[in-house]
Amino acid sequence: NIDASLGMALFRTVDGGVHWEKVADIASAQGSPGSTPCFAQPTATFTSPTTGWLTGGGCTTAEFDVTHDGGATWAPQALPMNSLGLELETPVFTSGQDGSMLAFSGGGGGSVLVYLTVDAGQTWTAHTAPGEDPHAADFIDAYTGWLLSTDTMNAGFPAGLYVTHDGGESWTTLQPLDNGPPTQESFVLNGSVLDFVTPTLGWTDTRTGTADTILETTDGGLAWSPVSVQVSPADA
């Protein structure tokens, strides 16, 4: 971990990365009394040239700040159920109004939360989700989303796959959690990526025991099959 008490800086480019300018120096969230340092490493996510959020975690409360002036100034934004040790992933917007954000209690053994917004990030609603250590979450709109989540921090072990059709109010198990180690004979969902483009079509990655494999579903996550990947040469 990087000692975030050293501070961070935000840079902006308006020419595709040819030139960069410093927008702001960012002070990281403070730790709880007696805890030094605080390992809150914020990540900036923007939905427009002016509006964006800083998300981090590991402190007394998760860092969640918003800017409306392109990052020059930041202000804390209220977030329900923001509790001790909560870590936030970056928010992902599926439209100008609808967005989701995954959160979990650091260190395992805690809660998994999915935050949703339907008003362009002005307010967020928290919903509890299955598991303790999430691998990935993916929403295609304000209501339909999938979650890969497990109950062990050991790398490479399977996760359960869950789906919601009501914005996280309830979750249905698509692939139950199996705590056995992955085998070479079968495909287990133990990757860190979920990418759905319709309610039925989506992809994930998985470790088969010998290599990483891309899996595809055409029925919303009930069944998965390997995808043959062909990489074209650089001069093709």
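Atoms considered below: every heavy atom in the structure, side chains included; atoms not considered: hydrogens, waters and symmetry mates.
Note: the hydrophobic cluster containing V227 also contains V197 (ILVMFWY, side chain heavy atoms under 4.5 Å, direct or indirect links). Connection of W20 to L10 is not established within any shared hydrophobic cluster, with ILVMFWY side chains joined at heavy-atom distances below 4.5 Å, either directly or through further cluster members.
The side chain to side chain contact (heavy atoms under 4.5 Å, CB included) check on P49 picks up nothing, with sequence neighbours excluded. Every residue two or more places apart in sequence or in another chain that forms a side chain to side chain contact (heavy atoms under 4.5 Å, CB included) with V66 is listed here: W53, H68, Q77. Scored by the side chain to side chain contact (heavy atoms under 4.5 Å, CB included) test, S95 finds Q97, D98 as partners (sequence neighbours excluded).
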**Prompt:** ring-ring contact (aromatic ring centres under 6.0 Å, His included) between F196 and W146: does it pass, once the steps are laid out?
**Reply:** CA-CA 8 Å; F196 279 81; W146 293 260; 3.6 Å; yes

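T117 has its side chain within reach of F93: a pair of non-hydrogen atoms, C-beta onward, lies under 4.5 Å apart.
Residue F139 forms a side chain to side chain contact (heavy atoms under 4.5 Å, CB included) with just one option from L102, T144, V114, and that option is V114.
Contact detail for S149 and V112: the closest heavy-atom pair is OG-CG2, 4.0 Å. Minimum interatomic distance between T164 and E169 (heavy atoms only, all atoms of both residues): OG1-N, 4.1 Å. When all heavy atoms of L116 and A142 are compared, the pair lying nearest together is CD1-O, 3.8 Å.
At distances below 3.5 Å, at least one donor-acceptor pair connects side-chain atoms of T13 with backbone N or O atoms of H19. Counting only distance, with no hydrogens or angles, the side chain of T204 and the backbone of V193 share a donor-acceptor pair below 3.5 Å. Under a 3.5 Å cut-off, the side chain of D138 and the backbone N or O of L147 do not form any donor-acceptor pair. Although no hydrogens or angles enter the test, the distance criterion places a donor-acceptor pair under 3.5 Å between the side chain of Q175 and the main chain of L222. A distance-only check finds a donor-acceptor pair linking the side chain of Y115 to the backbone of P80 [under 3.5 Å].
Checked by atom type, the side-chain pair T150/D133 shows no donor-acceptor distance below 3.5 Å. Judged purely by distance below 3.5 Å, without hydrogens or angles, the side chains of T67 and D65 never pair a donor atom with an acceptor atom.
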